[in-house]
Number of protein chains: 2
Amino acid sequence: MSGARKRSGAEESTQERILNAAEQLFAYSGLDGTSVRQIADKADVQVGLINYYFGSKEGLYRAVFTTRAPVVVEERRIGLRMAALEKDPHRRLELIVKAIIVPMLNMRSRDGSNHFSQLLAREPRDPRSVERGIIAEIFDPIALEIIESLKEIWPDRSDAEVHWAYQMIIGVMMYIMSDHGRISRLSGGAADPKNADETLRIILPLVMQGIEGKPTG
Amino acid sequence: MSGARKRSGAEESTQERILNAAEQLFAYSGLDGTSVRQIADKADVQVGLINYYFGSKEGLYRAVFTTRAPVVVEERRIGLRMAALEKDPHRRLELIVKAIIVPMLNMRSRDGSNHFSQLLAREPRDPRSVERGIIAEIFDPIALEIIESLKEIWPDRSDAEVHWAYQMIIGVMMYIMSDHGRISRLSGGAADPKNADETLRIILPLVMQGIEGKPTG
DNA sequence: GGTTTTTTTGAACAAGCGTTCAATTATATT
DNA sequence: AATATAATTGAACGCTTGTTCAAAAAAACC
């Protein structure tokens, strides 16, 4: 039954197998909709090992984020540093927006963690996410860095204006990342977020125009 | 124990009490995170009555949508008809965008159904929502009507462009509706979607500018 | 006022849940 | 080779899950 256990040279550790299975199932069915036994089955592992390695089901949930999220955060940080080198405000802004969106699109097409983007889009939409504090812990710091970068471009804008602009970028991106076929269904296939390049090409000017004009007055 | 059972003249029926309790709990904990016993307790009702009236837990979940959603859909339809009377393209577009956003904001501040907006923002973010088909059944028709209205304003835009513009409006709105304090937390209270008027005042120009410029070229 | 239908009760059902643990096997250390 | 540590097994724990159902109460009907 074990199937793909010791296939290639680089074999997965037990923890990794559990994390991969958990990522996939949590992304599809959520924290409550996934049972530890489902995860254990998919990982080809005994149920007890989940508690042995991760303490609890929620511990495993948290572990998925702490192992996967740093990749996105680091990519964003690099993009932000590159943006800081650009003098032209318009181009600088575009680089900042790209620093936010591109790591997310990358993750979607990356082999090992294509499910994590769904999970990540899902988590902050859950009211109980606030209690867990995962998003606050992992993503608030980089979010504040991004907002600081935006403030440098817009010294005349108020805090609220900058924050709302930021939220608009995140909002559009998150919405598209968490789409499960409705966009394609409604448009008869004309618009499809599965295509990463196309999505960026369309979304970028939409977002740029939205946030670049002076909001009030 | 029963508490607020036969208080005022207009007393709630058993079904209504179950629906209200379900709406609230589903909004906060999701379909899987809510148990029928929690709902029964909150509604001050026997567990069996949920299956008696709604067949199953998912039947109740579905019933919450079919009883609450038509209000939003109808408000949008009315807003769309009003927009059709406006000749100026810019103002027409603004009325269409308002027809999308305002019913959602209204629902948030309405007494009986303030939790439904959270539930509604949550449902399409669940991958299994596609299997349930609730969103497709209830909201696809009005969505297509809105897109048709947009096409009338933009006869030169491609299907994909119009659909992406529509998705951007919905995306920003949904993101803000499903926020659970992060926007306020990050901005130190400067930006807070709890304030409906303020939210519309800020979001409207952001979205308008985003979709009004010609996307490609 | 008696009869039929609807609603409510209270309890039970089997199945699944997350977690624990002693016993066993494998790996690393000395 | 003997010992100590880590990983895995297999089964059990108590509890909650959604659903069912016969019996009792209430409401509607003729």
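The shown structure was predicted, so the numbers you read here are calculated from the model rather than taken from an experiment. Labels below follow one simple rule: chain letters A, B, ... track the order of the sequence lines, proteins then strands, and each chain is numbered from 1.
The base of C:dG16 does not come close enough to the side chain of A:Arg37 for any donor and acceptor atom to sit less than 3.5 Å apart.
Taking every side-chain heavy atom of A:Asn51 into account, C:dT19 is the closest of C:dT19, C:dT9, D:dT8. Counting only heavy atoms from C-beta on, B:Leu49 has its side chain closest to C:dT8 among C:dG10, D:dG18, C:dT8. Which of C:dT19, C:dC17, D:dT17 sits closest to the side chain of A:Ser56 comes down to C:dT19. For A:Lys57, whose side chain is taken as the heavy atoms from C-beta onward, the closest listed nucleotide among C:dG18, D:dT17, D:dT9 is C:dG18.
Checking the phosphate oxygens (OP1, OP2) of D:dT17, a side-chain nitrogen or oxygen of B:Ser35 falls inside 4.0 Å. Note on A:Thr14: every side-chain N or O is 4.0 Å or more away from OP1 and OP2 of D:dA7. An OP1 or OP2 oxygen of C:dT8 is reached within less than 4.0 angstrom by no side-chain nitrogen or oxygen of B:Tyr52. Regarding contacts with the backbone of C:dT8, a side-chain N or O of B:Tyr53 is found under 4.0 angstrom from either OP1 or OP2.
Put simply, the side chain of B:Asp192 never gets that close to the backbone of B:Asn195: no donor and acceptor are under 3.5 Å apart. The backbone N or O of B:Ser35 sits less than 3.5 Å from a side-chain atom of B:Gln38, completing a donor-acceptor pair.
Atom P of nucleotide D:dT9 and atom CD1 of A:Ile18 are separated by 10 Å, given to the nearest angstrom. Between the CZ atom of B:Arg17 and the C1' atom of C:dT8 there is a distance of 11 Å, given to the nearest Å. B:Leu25 has its CG atom 12 Å from the P atom of D:dT17, to the nearest Å. Rounded to an integer number of Å, the gap from A:Ile50 CD1 to C:dG18 P is 9 Å. At whole-Å resolution of the value, CG in A:Asp32 and P in D:dT16 are 16 Å apart. The CG atom of A:Asp41 sits 12 Å away from the P atom of C:dG18 (whole-angstrom rounding). Spacing between atom CZ of A:Phe54 and atom C1' of C:dT20 amounts to 18 Å, rounded to whole angstrom units. For the pair B:Gln46 CD and D:dA24 C1', the computed distance is 12 Å after rounding to whole Å.
Mapping B:Gly48 and B:Gln15 onto DNA chain C via the closest heavy atom, the residue that lands nearer the 5' end is B:Gln15.
Tested against A:Glu23, the residues A:Arg68, A:Arg17, A:Lys42 include a single salt bridge (charged side-chain N to carboxylate O under 4.0 Å, His left out) partner, A:Arg68. Shown are A:Arg77, A:Lys151, A:Arg81; of these, the salt bridge (charged side-chain N to carboxylate O under 4.0 Å, His left out) with A:Glu145 is made only by A:Arg77. Applying salt bridge (charged side-chain N to carboxylate O under 4.0 Å, His left out) to B:Asp32 and the options B:Arg122, B:Lys57, B:Arg128 leaves one that passes, B:Arg128.
Residue contacts shown for B:Ser13 are absent, as no nucleic acid heavy atom lies under 4.0 Å away.
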